[in-house]
Amino acid sequence: MPDVEVSLDGVSKRFAARLGEPAPAALEKVTFGVDRGELLVIVGPSGCGKSTTLRIVAGLETPDAGDVTIAGRSMRGVPPQDRDVAMVFQGYALYPQMTAREILEFPLKMRRVGRAARARAVEEAAATLRIERLLDRRPGEMSGGERQRVAMGRAIVRKPRVFLFDEPLSNLDASLRGDIRLEIGQLVRRLGATALYVTHDHVEAMTLADRIAVMRAGKLLQLATPREIYERPATSFVGTFLGTPRMNLLPGRVDGAAIVAGPFRLPRPGGTLPERVEVGVRPQHVTLGGEGEPGEILAIEPLGAETHVVVRVDGLDLRAQAHGFDTHRRGDAVRVAIDPARALVFDAGGDRARLGG
Amino acid sequence: MNPRARWHPWAMLGPTLGLLVVFFLVPIGVAGAGSLFSWDLLTPPRFVGGANYAALAAHGELLRVALRTLGYSALVVTGTMTLGLGLALLLDRPGRFFAFVRASVFSAYVVSWVAVALLWMWMLDGNAGVVGQLLRALGAPPVALLGDPDAALPALALVGVWKLTGYAMIVFLAGLQDVPPSLLEAAALDGAGAVARFRYVTLPLLAPTAAFVATTSLVTSFQAFDVVRIMTQGGPARATELFVYAIYEQIFLNLSVGRASALTVVFFVLLLAVAGLQLRVFRTRRGER
C-alpha cells in the first residue's frame with residue numbers, strides 16, 4: 001500500500017450566496033486520499049464542488065467541517081504559503097508586470113533562496129518546459145499556450161510536495177489542448193510528483209489519471225482507475241458522464257430471470273432488484289446489421305475513423321458506434337443488437353446505483 | 001472605414017471642437033493677448049509688450065507665488081494619495097460598518113470648498129477652535145495656526161488633504177476591485193505573505209490608478225482659491241498667496257488686468273509642465289515593470 005500524501009477526511013463546506021454572484025459549490029463530507037506520486041483527477045460537471053475541493057487543499061478556502069492532511073500533517077490553520085503546494089490556475093494568474101524569469105523566480109525569492117540558486121532553478125525549469133526563449137517576455141507578450149507553460153514553470157520551479165491543477169487547459173484552443181495534456185501527463189510522471197487535477201473534461205480525466213474521482217453536487221460518487229470507472233461505473237451518472245458518444249440509458253423492468261428493455265432481453269444480475277431499472281449500453285456495444293431487432297437510422301455523424309449513428313428501435317433512440325465511414329444512410333432499415341454481457345443495470349430511482357456484480 | 005465625404009469626420013468632431021475652442025482656446029488666447037496690455041478696467045487698454053512679465057519677474061513675486069503653489073500642491077497630493085490609499089486598503093471590506101465609514105470619509109469631498117473652509121476656520125481658531133483646545137489640553141502653548149506665517153500654508157494643505165482624501169479613497173477602492181483575486185491567491189501559494197502580496201501584486205496593478213489620482217489632485221490643488229479667500233486672504237505676510245488667489249488680487253484689488261493675464265499664462269504653462277512631468281514619471285515606471 002503506497003503512502004497517502006494528501007487526504008481529505010469528511011470535508012464539508014457551505015457558502016453564503018453573495019449579491020450578483022452564484023455561490024461557489026458546496027461540499028458534503030468528502031473523503032478520499034491521494035497516494036504519493038499519484039496523479040488523481042477530479043472530474044464532474046460545473047458546480048459539483050471539484051474546484052472548491054482543490055481550493056480547500058490549497059488553503060484558499062477553509063472547510064466548515066472535516067480536515068485536510070498533507071504528508072500526515074493536519075492543515076488546519078496552515079496558510080497557503082506554508083503548505084508546500086503549487087497550483088496552476090485556470091487563467092494562469094501570471095503577474096502582468098513581471099517577465100517570465102521574474103515570475104519563475106518569485107516563489108524562490110519569497111522563500112529566501114539565494115540569487116545564484118534561483119537563477120539555476122529557473123534555467124532548469126525553463127529547460128524542462130522548453131520556455132528559455134520566453135524568459136524575458138511579460139505575460140502580455142505571450143500566447144495562451146506560452147502563458148500556460150510559464151504557469152507550469154512557476155509550479156515546478158520550487159519542487160513542491162503537491163501540484164494542484166485547476167482546469168489548466170480550459171482557456172486553450174482545442175488544437176493545443178491535446179498536446180499540452182500529453183505534456184502535463186509526461187511532466188508530472190517524470191517529476192514523480194503527487195498531483196491533484198481538476199477538470200470538467202472527461203477526456204482529460206480518462207487520459208491523464210492514475211485514478212479518477214467523479215463528483216456531483218458536492219459529493220464524491222466514485223474513486224477508481226479510469227478503466228474501472230468506465231467499465232463498472234458506480235451510478236448511471238458516472239456511466240454517462242465519462243465516454244463519448246454517451247452511454248445509452250434504456251428504461252427496463254425485471255421479468256422473471258431476465259431484464260426487459262424495449263425489445264431487448266438480457267440476463268438478470270444477482271441480488272434483489274427493484275421493479276424498475278435502467279439499462280446502460282455503451283454505443284460500441286450496439287451492433288448494426290446482422291441479427292437483431294428491426295430499426296431505422298435517424299442520423300449519422302461520420303468522423304473518419306468511426307461513425308456515430310442514431311438508430312430508432314421500437315420507439316427507443318440508441319446511439320451506436322461503427323468503424324470507418326459507415327455504409328449506412330439516413331432512413332435505412334437495419335437490424336440492431338446489444339451485447340448483453342456488457343450491458344449495465346442501474347436502479348431507476350434514488351441515487352441510480354449500479355446493481356448486480 | 002472611409003468617410004463618404006471629407007467633411008464628415010469634422011462634423012462628428014464639431015460639437016466637441018466647438019466647446020474646446022469657445023471655452024478653452026479662446027479664453028487662453030484672450031488671456032495671452034491681455035497679458036501684453038496695461039488695463040485698469042476703466043481707461044482704454046494700452047499696449048505694453050512684455051512689460052507685465054518683466055514686472056512680475058522683477059519683484060521676484062512670480063517665483064515666490066509659483067514655489068508656494070508648488071509646495072502647497074506637493075503637500076496636498078502626497079497627503080491625499082497616502083491617506084487615500086491607506087484608507088482604501090483599510091476599508092476594502094464587506095459589511096455595513098465599513099460601508100458607513102467609506103461613505104463618511106467620502107462625504108467630505110461632496111461638501112463645497114466654502115463650507116469646508118468655514119468649518120476649518122472654526123476648528124483652527126486660536127481660542128475657540130477644537131484643534132487649539134486639544135493642543136492646550138496636551139500642555140502645548142495655544143497657537144493660531146492660520147495666523148502663523150510658517151504654519152498657515154501647511155494648515156491650508158491639511159484642509160485640502162482632508163477634503164480630497166475621500167475622492168482619492170474612492171478611486172483607489174475602484175482600482176483595488178480590478179486586482180484579480182487569483183493573482184493574490186497565486187502569490188499566497190508562491191509563499192508571499194500579506195506585505196509581499198501588497199508590494200508585488202497590488203501596488204504594481206494600482207500604478208495607473210495612482211497616476212490618475214496624482215494628476216487630478218494636482219490640478220485641483222493648483223486651482224485652490226476658496227480656502228485662501230475665506231480662511232487667510234493670502235496672509236499672514238503673503239504666506240498663503242497661491243497662484244489663483246494672486247490672479248484674483250491683481251484684477252480685483254490692484255485693478256491690473258494685464259498683470260493678472262500674464263500670471264494666468266504662466267500658471268497655465270506651469271500646470272501643463274508639472275502634469276506632463278508627473279504622467280511621464282508614471283509612464284516610465286510602468287514601462288520598467
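As the structure is a computational prediction, the values presented were derived from the model and not from experiment. A note on names: the letters A, B, ... follow the listed sequences, proteins ahead of strands, and every chain is numbered from 1.
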Legend entry - Main-chain N/O of Gln90(A) paired with Asp166(A) side-chain donor or acceptor, under 3.5 Å: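 No.
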
Legend entry - Output field: ring centroids Phe267(B)/Phe222(B) closer than 6.0 Å: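 Ring centres of Phe222(B) and Phe267(B) closer than 6.0 Å.
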
Legend entry - Presence of salt bridge, Glu204(A) and Arg181(A), under 4.0 angstrom: no

Contact part of [X] toward chain B, heavy-atom cut-off under 4.5 Å: side chain, backbone, both or neither?
X	answer
Ala86(A)	neither
Arg83(A)	neither
Leu164(A)	neither

Legend entry - Heavy-atom pairs under 4.5 Å with chain B, option from Ala155(A), Ala93(A), Gly91(A) with the top count: Ala93(A)

Inset, instruction - Could you check which of Arg158(A), Lys109(A), Arg154(A) has the highest count of heavy-atom pairs closer than 4.5 Å to chain B? - result: Arg154(A)

Inset, instruction - Tell me, with the steps shown, if Leu8(A) and Val57(A) meet side chain to side chain contact (heavy atoms under 4.5 Å, CB included). - result: CA-CA 8 Å; Leu8(A) 285 83; Val57(A) 173; 3.9 Å; yes

Inset, instruction - Validate the cation-pi geometry between Arg138(A) and Tyr95(A): distance from NZ or CZ to the six-membered ring centre under 6.0 Å, angle to the ring axis within 45°. - result: no

